[in-house]
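If you read the sequence from its start, that first residue is 1, and numbering goes on from there. Counting starts at 1 for both ligands and their atoms, following the listed order.
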Amino acid sequence: MPASKRQLTGLTLAELTGLLDSRARALAALRWLHESEPVPTSLPERIPGVAPEAWAKVREACELSLPRIAVRQAASDGTVKYAFEAAADAARFESVLIPADGRSTLCVSSQAGCSRRCAFCATARLGLTRNLTAGEIVAQFLLAKSDAPQGSPLRNVVFMGMGEPFDNLDEVLRAVEILTQPPAPSLGASHVTVSTSGVLPGMERFLRECQAHLALSLNATTDAQRAELMPQTRQWPIAELMGLLRRSCEGSDRLFFVEYVILDGFNDADDDARRLVELLQGIRARVNLIPHNAFEGCGYGPAKRERILAFQKIVHEGGVRCLLRSSRGEDIDAACGQLAGRRS
Ligand code: SAH
């Protein structure tokens, strides 16, 4: 039955090795999938390096139906936003390609929509359509890779598009494995970052099983303040999130990214910056300050530039590296928290 076929883009090297009865053939198949130009869109009768009888087993068990690029928008700063439509059910999800310094980064979605209710995020307004499969996550990479500008090959992936990755952890872990496995795309684990709103059990499992970077979207420094922005704080308070990061730093050289969307008059005071430094004691962390990207109907607004710089200075002087993220792709609603399937 065709419906039960697996997507080739969602298979690990180990699974393909089993299916093809040979690691050498599995490597050849992955090279074909990830290195052919243009990106293959169906499974041909034969591919280089794999005996036809063995390949026939893959054709029987798998299909290759990539999502359709429904909209491709290029911003004035070179950022490109893709709105994908799933082959199976036309579910919509988005990716953002960000070229910089001779390489590109892709911000991928892990869900179509999101079920977390972060008050400052446009995706939250959509609600959840469904989880994406690993095959659909890897397909975002495949399609964007062939569209990356010459001289800025796609080398980094961040799970900061639509969705909460740790509400779809099995598929996200599988996608990370595929993106980092040989022979291609073979990204280094340090070139993949998974960002979470702070789903504690998912964080624990991720840290046990995966070497990719973890980014925590902290966004506030007291539980009361954070719960207003991110209601799940009532379930997983800040102290528990920090406790996990602190324990994970013992005996490992893991570095954590802490994301902080800085909001005008809400979490941008000197006291917030000082509390942030306190919270991060004993944690090898780098703070990324994210200017808020406004959208219609959002009750929060971007902090003023001089406030952001003062905040950054306090955190930095407290001994914590603190970078100010520049916003990219704003003119096409491709910046953080602006992915909301607008079709205009
Ligand atoms: N659910 C995951 C990943 C998606 S959000 C997470 O919460 O980490 C990716 C990043 O964008 C998060 O750090 C989030 O805090 C930030 N973000 C969300 N909405 C934003 C907005 N409107 N402006 C700026 N950053 C935003």
Side-chain angles (χ1 to χ4, degrees), residues 79 81 93-96 98 105-128 131-132 137 140 157-169 171-172 175-176 192-200 202-203 206 212-221 225-226 228-233 235-236 238 241 245 256-264 266-268 276 285-303 308 322-330 332-342:
T79 303
K81 178 163 90 169
F93 48 96
E94 299 176 340
S95 302
V96 181
I98 309 158
T105 297
L106 186 69
C107 179
V108 296
S109 294
S110 56
Q111 299 181 307
C114 188
S115 61
R116 300 286 155 189
R117 288 175 293 124
C118 303
F120 52 88
C121 178
T123 308
R125 307 285 159 107
L126 299 175
L128 179 68
N131 283 337
L132 298 183
I137 297 171
Q140 295 171 54
V157 171
V158 295
F159 285 74
M160 293 186 188
M162 285 179 167
E164 168 45 53
F166 291 176
D167 286 339
N168 184 20
L169 190 49
E171 295 301 307
V172 166
V176 174
V192 177
T193 301
V194 181
S195 180
T196 180
S197 56
V199 176
L200 189 65
M203 289 168 68
F206 177 87
H213 280 304
L214 177 68
L216 170 65
S217 300
L218 187 61
N219 299 330
T221 53
Q225 190 190 31
R226 190 169 191 268
E228 189 178 324
L229 295 181
M230 309 174 83
Q232 68 198 62
T233 305
Q235 196 174 356
W236 300 299
I238 293 176
L241 303 175
L245 300 194
F256 295 98
F257 297 117
V258 171
E259 313 289 305
Y260 193 97
V261 179
I262 184 156
L263 302 164
D264 184 32
F266 184 80
N267 63 2
D268 61 349
L276 182 57
R286 193 181 91 187
V287 173
N288 288 320
L289 281 183
I290 310 178
H292 183 243
N293 299 303
F295 56 91
E296 232 179 272
C298 179
Y300 299 92
I308 298 179
C322 182
L323 302 184
L324 179 56
R325 277 248 221 102
S326 59
S327 198
R328 300 284 306 263
E330 272 175 293
I332 54 167
D333 287 347
C336 289
Q338 289 187 314
L339 302 183
R342 232 171 53 174

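Proximity of Tyr260 to Ile262: side-chain heavy atoms (C-beta onward) are separated by under 4.5 Å at one or more points. In this structure, the side chains of Asp167 and Leu128 stay at 4.5 Å or more apart for every pair of heavy atoms. When side chains are defined from C-beta on, Cys322 counts as touching Leu289, because their heavy atoms get closer than 4.5 Å. Side chains of Val261 and Leu263 form a contact here, defined as non-hydrogen atoms less than 4.5 Å apart. Counting heavy atoms from C-beta outward, Phe166 and Leu200 have side chains that stay 4.5 Å or more apart. Within the 4.5 Å cutoff, the side chain of Asp264 has no heavy atoms near those of the His292 side chain.
For ligand 1, the polar-atom distance check against Glu259 finds no nitrogen or oxygen pair separated by under 3.5 Å. The shortest N or O to N or O distance between Cys121 and ligand 1 is not under 3.5 Å.
Nearest protein heavy-atom neighbour of atom 10 (C) of ligand 1: Ser217 OG, 4.4 Å. Atom 23 (N) of ligand 1 has Asn293 N, 2.9 Å as its closest protein atom, hydrogens excluded (heavy atom only). If you check which protein heavy atom lies closest to atom 2 (C) of ligand 1, you get Ser195 O, 3.3 Å. In this structure, the protein non-hydrogen atom closest to atom 21 (C) of ligand 1 is Cys336 O, 3.1 Å. For atom 19 (N) of ligand 1, the nearest non-hydrogen atom of the protein is Gly337 CA, 3.0 Å.
The shortest heavy-atom distance from Cys118 to ligand 1 is not under 4.0 Å. At least one heavy atom of Pro291 lies less than 4.0 angstrom from ligand 1. Taking a 4.0 Å cut-off on heavy atoms, Gly161 registers as neighbouring ligand 1.
Between the side chains of Ser195 and Glu259, no donor-acceptor pair is found at a separation under 3.5 Å. Between the side chains of Ser110 and Glu164, no donor-acceptor pair is found at a separation under 3.5 Å.
Less than 4.0 angstrom separates some heavy atom of Ile290 from each of these atoms of ligand 1: 13 (O), 24 (C), 25 (N). Every atom of ligand 1 with a heavy atom of Ser197 under 4.0 Å away is listed here by number and element: 6 (C), 7 (O), 8 (O). For ligand 1, the atoms closer than 4.0 angstrom to any heavy atom of His292 are 21 (C), 22 (N), 23 (N), 24 (C). Residue-ligand proximity, Phe120 to ligand 1, at heavy-atom distances under 4.0 Å covers atoms 15 (O), 17 (N), 18 (C), 19 (N), 20 (C), 21 (C), 22 (N). Using a 4.0 Å cut-off to heavy atoms of Gly163, the atoms of ligand 1 that qualify are 1 (N), 2 (C), 3 (C), 4 (C).
Neither the backbone nor the side chain of Ala294 has any atom closer than 4.0 Å to an atom of ligand 1 (non-hydrogen atoms only). When heavy-atom distances to ligand 1 are checked against a 4.0 Å cut-off, Thr196 comes that close only through its backbone atoms N, CA, C and O.
The nearest non-hydrogen atom to atom 16 (C) of ligand 1, considering only Val261, Ile262, Val199, Val158, comes from Val261. Across the listed options Met160, Glu164, Gln232, Met162, Met160 owns the non-hydrogen atom lying nearest to atom 9 (C) of ligand 1.
Each of Ile137, Leu169, Asn168, Val172 was compared with Asn131 under the side-chain contact (heavy atoms from CB on, under 4.5 Å) criterion, and only Asn168 meets it.
Under a 3.5 Å cut-off, the side chain of Glu171 and the backbone N or O of Leu132 do not form any donor-acceptor pair.
Contact detail for Leu106 and Gln140: the closest heavy-atom pair is CD2-O, 3.6 Å.
The aromatic rings of Tyr300 and Phe266 sit perpendicular to each other, their planes meeting at more than 60°, with 30° as the lower class boundary.
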